[in-house]
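Following: one structure in structure tokens, then a few remarks.
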Amino acid sequence: METGEEYANPRNLASGSLTLKNIETLKERHLHWIPFTLVYSDEPFNSWGAQMDYLTKLGFKTVEHEAINVPNIENIDATIENWTHKLNSFDYPVDGLVICFDDIAYATTGSVTGHHATRGGYAFKWQDESAKTELEYIEWSCAASTISPVAVFKPVELEGTTVKRASLCNISECERLGIGGKGTKISVIKANKIIPKVIEVLQTEGKLSIPTECPVCKSPTEVVVSSSSETKTLHCTNPNCAAKELKKFVRFVSKEGVNIDGLSEQTLQKFINLGWINQYADIFHLHEHANDLKIMEGFGDKSVLNLLRAIDKAKIVEAKNLLFSLSIPLVGQDVCSRLLSAYPFNELIMKHV
């Protein structure tokens, strides 16, 4: 697809395209759905291959596959080798291969032994393509609760895209890798064909400089060591740091949070600067500024109405989304689900904000 625009990766492009409201724009992107299994059918099938043939007859273009006769292990090894040679011939990124039993009844008798070994099959990934480059500098990015290091390096080509930045997560990761200053030789990959990652320091030049003041509000910083994992992270000591608060509000209203459509980061920043938002609860009182909103640049009667409706809708939210939206350190989406798995809450109603 040629659009004249750049995207981070095909997965993000496809996911973002499905949220478009303009169907004509979506058509121009020529998305293709490639099924890899049949979840349910009125017709009985006891063969995965038969399921794929059935989907093909219905007009679907199924995931590429082939049957292997397995009187000995050499047939499997040879097939894997052939697929490895085909790795770069696809029009989309391919990072792994799945081997499964064709007999569905037999496959269901298997057990689940881990992330890669699933019932009736085995999944594995090819080694990521790596490239050597030089560190230009470390950019310290203010997030919801931490100031995270980002490696900015001389651009390299990986998996068909140009890569020049990669998150280093925290100070402990920098120390583990041996990250230094400008000129440090590093090796980078795109993990799972998607996420840029520094995997090795080949030669260290200079020393890692940890900022003593916040890059946004210029307040002093401090290194905090987690009591559980002993991970070192950098924090701004100013609880009212604009960047810190803004990122928290962005996370709060995000799709993964309480999901308020129409409240972008730029809009939130405007409201914060106007003094309308100082805490999460203030978002649910934006109705009080409806008249001012209607005359604000970028807004009108319809957009204000849609925003206020989205805010009202967000007053009923699933517990895991609300927990994630609160920007609690080390509590991401997966952790939220785990923490709440022992509790009976399915949704929380914010009645008293």
Side-chain angles (χ1 to χ4, degrees), residues 1-129 159-161 190-195 255 337:
M1 182 197 69
E2 297 292 337
T3 66
E5 301 180 59
E6 293 184 359
Y7 297 89
N9 54 68
R11 183 178 67 180
N12 286 1
L13 171 58
S15 176
S17 297
L18 292 176
T19 66
L20 292 174
K21 296 180 180 179
N22 188 331
I23 191 64
E24 296 304 321
T25 302
L26 179 58
K27 286 180 180 179
E28 293 172 359
R29 297 188 177 183
H30 304 294
L31 294 183
H32 294 277
W33 179 58
I34 304 175
F36 63 89
T37 191
L38 178 63
V39 177
Y40 174 80
S41 171
D42 290 332
E43 295 190 34
F45 292 103
N46 195 36
S47 163
W48 183 84
Q51 289 182 339
M52 294 298 100
D53 291 341
Y54 174 69
L55 289 172
T56 300
K57 289 179 181 178
L58 292 177
F60 295 105
K61 180 182 178 182
T62 62
V63 66
E64 288 201 35
H65 57 278
E66 68 174 283
I68 311 173
N69 293 319
V70 286
N72 53 58
I73 196 66
E74 284 76 14
N75 285 0
I76 296 178
D77 290 339
T79 303
I80 292 174
E81 184 66 23
N82 290 336
W83 278 90
T84 302
H85 290 310
K86 293 173 62 176
L87 180 61
N88 295 319
S89 65
F90 297 98
D91 295 331
Y92 46 85
V94 177
D95 65 348
L97 197 65
V98 177
I99 301 175
C100 63
F101 289 110
D102 188 49
D103 189 318
I104 296 174
Y106 181 74
T108 56
T109 64
S111 61
V112 179
T113 60
H115 180 66
H116 300 292
T118 57
R119 182 173 284 111
Y122 190 83
F124 62 93
K125 297 183 181 294
W126 280 290
Q127 182 175 353
D128 292 300
E129 177 187 348
E159 314 293 352
T161 61
K190 284 182 70 176
N192 298 328
K193 314 291 183 182
I194 300 294
I195 305 171
K255 188 175 182 179
S337 298

Check your understanding: side chain to side chain contact (heavy atoms under 4.5 Å, CB included) between Leu97 and Thr84: does it pass, once the steps are laid out?
Key -> CA-CA 9 Å; Leu97 197 65; Thr84 302; over 6 Å; no
Atom pair [atom1] ([X]) and [atom2] ([Y]), whose distance is rounded to the nearest 0.5 Å:
| X | Y | atom1 | atom2 | answer |
| --- | --- | --- | --- | --- |
| Leu38 | Asp53 | CG | CG | 11.5 Å |
| Ile23 | Glu28 | CD1 | CD | 11.0 Å |
| Ile99 | Ile68 | CD1 | CD1 | 5.5 Å |

Exercise for review: Quick one: list whatever passes side chain to side chain contact (heavy atoms under 4.5 Å, CB included) with Leu18, sequence neighbours left out.
Suggested key: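 Leu31.
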Check your understanding: With Ile104, which residues qualify under side chain to side chain contact (heavy atoms under 4.5 Å, CB included), at least two apart?
Key ->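 With sequence neighbours excluded, Ile104 shows a side chain to side chain contact (heavy atoms under 4.5 Å, CB included) to Asn46, Gln51, Thr108, given in chain and number order.
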Exercise for review: Return the minimal non-hydrogen interatomic distance between Ala123 and Val98, and the atom names on each side.
Suggested key: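 Looks like CB-CG2, 3.9 Å.
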Check your understanding: So which heavy atom on Trp48 is nearest to which on Phe101, and how close?
Key ->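 Shortest heavy-atom separation between Trp48 and Phe101 comes out as CB-O, 4.5 Å.
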Side chains of residues 56-64: which donor-acceptor partners sit under 3.5 Å, not counting sequence neighbours?
unit_1 : atom_1 : unit_2 : atom_2 : d
Thr56  : OG1    : Met52  : O      : 2.9
Glu64  : OE1    : Lys86  : NZ     : 3.4

Point to revise | Over 12 non-hydrogen atoms of neighbours within 6.0 angstrom of CZ in Phe45 | key: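 Buried by this count: over 12 neighbours within 6.0 Å.
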